[in-house]
Amino acid sequence: MKTSETMKAPTGTKLTCKGWQQEAAMRMLMNNLDPEVAENPEELVVYGGIGKAARNWESFHKIIETLKELENDETLIVQSGKPVAVFRTHAHSPRVLIANSNIVPAWANWEHFYKLESEGLMMFGQMTAGSWIYIGAQGILQGTYLSFVEAGKKAFGTADLAGKLILTGGMGGMSGAQPLAGKMAGAVTLVVEVEKKRIERKIKEGYCDYLVEDLDEALELAKQFQNKKEAVSIGLVGNCADMFPAIYKKGIIPDLVTDQTSAHDPLNGYVPHGMSFEEAISLRKKDAKQYEEKAKGSMAVHVQAMLDFQTEGAEVFDYGNNIRAYAQEMGVTNAFDFPGFVPAYLRPLFCEGKGPFRWAALSGDPEDIYKTDRLAKEMFAEDESLVHWIEMAQKMVKWQGLPSRICWLGYGDRHRFALEVNRMVASGEIKAPIVFGRDHLDSGSVASPNRETEGMKDGSDAVSDWPILNALVNTAGGASWVSVHHGGGVGMGYSQHAGQVIVADGTDEAAEKINRVLISDPGMGIARHVDAGYEIAIETAKKKNVHIPMLDNK
């Protein structure tokens with residue numbers, strides 16, 4: 001069911017709900033479906049193929065209606081995008097508890113999911129789509145930038161990618177961060193995207209510089225900028241399964257190769273090659289099974305080309321869409337010869353409780369975010385990379401929906417920063433409350449054996465107790481809303497993850513909650529990696545006095 005309604009979150013200081021926690025949940029849900037933010041808001045799709053904010057429009061409007069009526073000691077229960085109950089809890093409880101796409105393991109596959117979806121019983125929540133804290137492509141921008149920088153350090157001994165060529169695929173809601181992230185890292189970034197309008201949108205949003213429809217023209221343009229060592233991003237209209245092998249056959253070996261197409265969803269996220277985009281969409285409607293098989297066959301071609309680049313010396317990594325698993329299913333037996341981005345580059349940060357922390361200004365005024373930027377630069381002035389990141393983001397990131405910021409902060413820093421922001425809200429220096437959240441891709445909130453928890457030191461890749469415990473401790477701590485999802489990032493059957501959001505509304509109660517939630521939430525990341533035996537995590541736990549019972553007296 002579609003709607004012609006254009007969604008915009010209310011802004012300013014006037015409450016339409018009975019408290020700021022409810023108001024924040026309502027505004028962030030609506031912000032998820034802002035046309036500046038969502039990929040297909042008419043059908044409630046936020047990003048990632050079919051990642052939705054609510055199950056259907058009837059459920060969406062009932063959630064909004066219920067949030068407006070919800071008391072400050074009540075909790076709304078949302079099951080896969082549908083409001084199913086309201087219970088009296090207490091003032092320090094979450095105002096909303098969300099569970100999306102969770103299926104008993106033996107049935108946890110796309111086939112059973114689609115059956116439930118067709119019967120109106122479920123929706124796919126992705127990660128931040130169904131947990132109402134998506135902020136557009138900026139949400140993954142710093143993580144992508146850090147991955148490119150760390151790949152450069154590993155492959156070339158330098159974080160400066162000037163003159164280097166990055167080849168990747170996908171320019172959707174999240175993958176659309178890649179061209180700007182590559183540019184921030186100093187590289188020439190060539191992104192292959194099958195749907196022309198997605199490149200056009202990213203150019204409009206300031207995330208991409210050029211749109212090209214001819215491969216030779218794109219390669220020549222890339223070469224010119226490489227020679228000048230000028231950072232630029234190029235969107236090439238085409239299918240990765242066609243373009244990657246063609247580039248390889250021309251003898252051009254990019255410096256970095258990755259991919260962020262929505263390959264986690266073979267039916268709705270990835271387009272098979274050997275046909276036009278329009279023909280592919282027609283096949284999807286006529287014969288979903290054939291489409292899915294062709295899509296997975298194309299993934300196999302795509303991954304084989306990435307392996308070929310790796311053989312020739314390129315730094316190749318998976319950027320977390322499960323494409324290797326589908327390629328392996330289709331006969332590419334060595335699909336996992338190139339690593340995922342987390343074990344290759346980011347796990348040391350996770351061991352320190354660092355991850356993609358984010359916040360949004362409910363006032364709608366960008367100046368409120370600029371004030372938080374200044375605060376972060378003052379509080380963490382010794383962290384040169386953080387200061388540099390914020391300065392780049394201020395210059396290069398355009399707002400999508402409510403003004404927001406992403407910043408990788410870790411244990412001990414998140415709560416200190418949020419407490420100071422809460423004080424600024426209380427004093428009126430910041431006009432309206434600030435919403436603090438994060439990606440589900442965080443240090444201690446996800447089990448995803450082909451992505452975040454790939455290759456864990458103790459072999460605990462598939463243990464999903466951790467995201468469940470994360471959600472439980474955040475609920476106990478009083479986060480404003482908490483979510484538990486299945487399948488985000490890599491598809492049904494491959495991940496379990498949790499999210500939390502907390503509202504800094506300037507009250508003493510908010511400060512108490514921040515002191516609990518923003519310590520325990522990143523602290524779970526340290527605990528998870530201590531348990532897996534990582535020395536960095538053990539050292540961090542001891543240094544920062546994280547109480548790990550099994551470390552006592554050691």
| remark: Residues pairing under salt bridge (charged side-chain N to carboxylate O under 4.0 Å, His left out) where one sits in residues 170-183, two or more places apart or in two chains, turn out to be K183-D209

| said: Less than 3.5 Å apart, any donor N or O on the side chain of Y270 or H264 sitting next to an acceptor on the other? | reply: no

| Do K153 and T158 come close enough that some side-chain heavy atom pair is under 4.5 Å? | no

| said: Quick one, D442 with K354, criterion salt bridge (charged side-chain N to carboxylate O under 4.0 Å, His left out). Give me CA distance, side-chain angles, the key distance, then yes/no. | reply: CA-CA 8 Å; D442 202 25; K354 290 182 179 177; over 6 Å; no

| task | Kindly compute the distance separating CD (Q138) from CD1 (I406), expressed to the nearest 0.5 Å. | result | 7.0 Å

| task | State the CE-OG distance between M127 and S101, to the nearest 0.5 angstrom. | result | 11.0 Å

| Below 4.0 angstrom, N of the basic side chain to O of the carboxylate: do D337 and R324 qualify? | no

| message | Tell me every residue that passes ring-ring contact (aromatic ring centres under 6.0 Å, His included) with Y319, counting only those two or more places apart in sequence or in another chain. | response | F341

| salt bridge (charged side-chain N to carboxylate O under 4.0 Å, His left out) contacts touching residues 195-204 (sequence neighbours left out) | E39-R198, E195-K197, E195-R198, K196-E213, R201-E205, K202-E205

| Okay, side chain of Y534, backbone of R528: is any donor-acceptor separation there less than 3.5 Å? | no

| query | Just by distance, with hydrogens left out, do D439 and Y134 show a side-chain donor and acceptor under 3.5 Å apart? | reply | no

| task | Would you sort out whether V332 and M306 count as a side-chain contact (heavy atoms from CB on, under 4.5 Å), showing the intermediate values? | result | CA-CA 11 Å; V332 184; M306 294 174 73; over 6 Å; no

| request: Would you sort out whether F124 and Y114 count as a ring pair (Phe, Tyr, Trp, His ring centres under 6.0 Å), showing the intermediate values? | output: CA-CA 10 Å; F124 186 56; Y114 286 133; 9.0 Å; no

| Given side chains that start at C-beta, do those of W132 and N31 come closer than 4.5 Å, heavy atoms only? | no

| Straight-line distance of K457 NZ to D461 CG, nearest 0.5 Å | 14.0 Å

| message | Centroid separation under 6.0 Å, is that true for the rings of F380 and W389? | response | no

| task | For the residue pair T168 and Q178, confirm or rule out a side-chain donor-acceptor distance under 3.5 Å. | result | yes

| query | Taking side chain as C-beta onward, heavy atoms only, is L33 less than 4.5 Å from V37? | reply | no

| request: Could you tell me whether the side chain of E36 and the main chain of G401 form a donor-acceptor pair under 3.5 Å? | output: yes

| task | Might you confirm whether atom CD of E111 has over 12 heavy atoms from other residues, nucleotides or ligands at distances under 6.0 Å? | result | no

| Can you say whether the rings of F309 and F244 are parallel (under 30°), tilted (30 to 60°) or perpendicular (over 60°)? | perpendicular

| Straight-line distance of I390 CD1 to R405 CZ, nearest 0.5 Å | 7.0 Å

In a table with atom names and distances, give each donor-acceptor pair under 3.5 Å that connects a side chain of residues 444-452 to protein atoms at least two apart or in another chain.
unit_1, atom_1, unit_2, atom_2, d
S445, OG, R438, NH1, 3.2
S445, OG, H440, O, 2.9
S448, OG, E452, OE1, 3.4
N450, ND2, N322, OD1, 2.7
R451, NH1, G320, O, 2.9

| query | Does the side chain of Q394 come within less than 4.5 Å of D373's, by heavy atoms? | reply | yes

| query | Knowing that exactly one of F148, Y145, F317 qualifies, which makes a ring pair (Phe, Tyr, Trp, His ring centres under 6.0 Å) with Y345? | reply | F317

| request: Report, as yes or no, whether the 6.0 Å neighbourhood of atom NZ on K223 holds more than 12 heavy atoms from other residues, nucleotides or ligands. | output: no

| query | Is there any salt bridge (charged side-chain N to carboxylate O under 4.0 Å, His left out) pair reaching into residues 230-246, and which pairs are they, with sequence neighbours excluded? | reply | K228-E230

| query | Under a 4.5 Å cut-off applied to non-hydrogen side-chain atoms, are R358 and T128 in contact? | reply | yes

| query | Is the closest basic N to carboxylate O distance between K377 and E391 below 4.0 Å? | reply | yes

| All side-chain contact (heavy atoms from CB on, under 4.5 Å) counterparts of A288, not counting sequence neighbours | L267

| Got I234 and T189 here, is their nearest side-chain heavy-atom distance under 4.5 Å? | no

| said: Is it true that H485 and N100 share a donor-acceptor pair across their side chains at a distance under 3.5 Å? | reply: yes

| Do F113 and W107 have side chains that get closer than 4.5 Å, going by heavy atoms? | no

| Got K296 and E329 here, is their nearest side-chain heavy-atom distance under 4.5 Å? | yes

| Do V237 and E193 pass the side-chain contact (heavy atoms from CB on, under 4.5 Å) test, and can you show the C-alpha distance, the side-chain angles, and the key distance before you say yes or no? | CA-CA 5 Å; V237 181; E193 168 55 57; over 6 Å; no

